[in-house]
Amino acid sequence: MITMMDFTQLVVTVDAQRSGSTAVIRPHLENPAPLTLRYRMTVRQTSAQGTSAIDQQGDLQSGVAANSVSLSLPAEATCQVHLEVFDRTTLIKSVDSDCGETPAR
């Protein structure tokens with residue numbers, strides 16, 4: 001018997017912090033019950049030199065810091081993150097974020 005997971009309280013975010021010319025981007029998962037899902041993240045940087053992208057994938061556990069992506073960003077560069085979270089092969093959530101600014105808390 002296959003039971004469906006309840007993802008109604010699942011929160012998926014992109015923790016992006018920019019300090020000077022360095023940006024650190026990390027996917028984050030929060031859920032009331034312990035949970036491990038697969039993720040795929042693409043970080044795309046656009047600057048006067050062109051566009052480059054970094055792809056990362058792996059396991060994402062609720063409440064546990066995932067592997068981060070760190071990149072050097074020139075002052076005029078922009079950076080976008082696309083994060084997809086999967087339960088086996090089923091897409092659960094998709095998040096798009098700008099990693100150029102640290103959100104106010």
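The analysis underlying the following values was restricted to heavy atoms, covering all of them including side chains, and did not include hydrogens, waters or symmetry mates.
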Which donor-acceptor pairs under 3.5 Å do the side chains of residues 67-74 make with protein atoms, sequence neighbours left out?
none

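- A distance of 11.0 Å separates OG1 of T13 from CZ of R26, quoted to the nearest 0.5 Å.
- Between the side chains of E30 and H28, a donor-acceptor pair is found at a separation under 3.5 Å.
- Side-chain contact check for C79 versus V43: some heavy-atom pair is nearer than 4.5 Å.
- Contact between F86 and R40 at its shortest, heavy atoms only, is CZ-NH2, 3.1 Å.
- Rounding to the nearest 0.5 Å places CD of E84 at 7.5 Å from OG1 of T42.
- Atom CG of residue L83 and atom OG of residue S97 lie 9.5 Å apart, to the nearest 0.5 angstrom.
- For the atom pair CD1 of I92 and CG of L37, the computed distance is 6.5 Å after rounding to the nearest 0.5 Å.
- For T51, the side chain to side chain contact (heavy atoms under 4.5 Å, CB included) partners two or more places apart in sequence, or in a different chain, are R44, T46.
- A search for side chain to side chain contact (heavy atoms under 4.5 Å, CB included) contacts involving T36 returns D59, Q61, not counting sequence neighbours.
- Across every non-hydrogen atom of E76 and A48, the tightest pair is OE2-N, 4.1 Å.
- Here the CD atom belonging to Q17 is positioned 10.0 Å from the CD1 atom belonging to I25, to the nearest 0.5 angstrom.
- Within the 4.5 Å cutoff, no side-chain heavy atoms of K93 are placed close to those of V11.
- Looking at F7 and D87, their side chains come closer than 4.5 Å, going by heavy atoms from C-beta outward.
- Considering all non-hydrogen atoms of both residues, P34 and S62 come closest at CA-OG, 3.5 Å.
- For the atom pair CZ (R38) and CD (Q57), the distance works out to 6.0 Å, reported to the nearest 0.5 Å.
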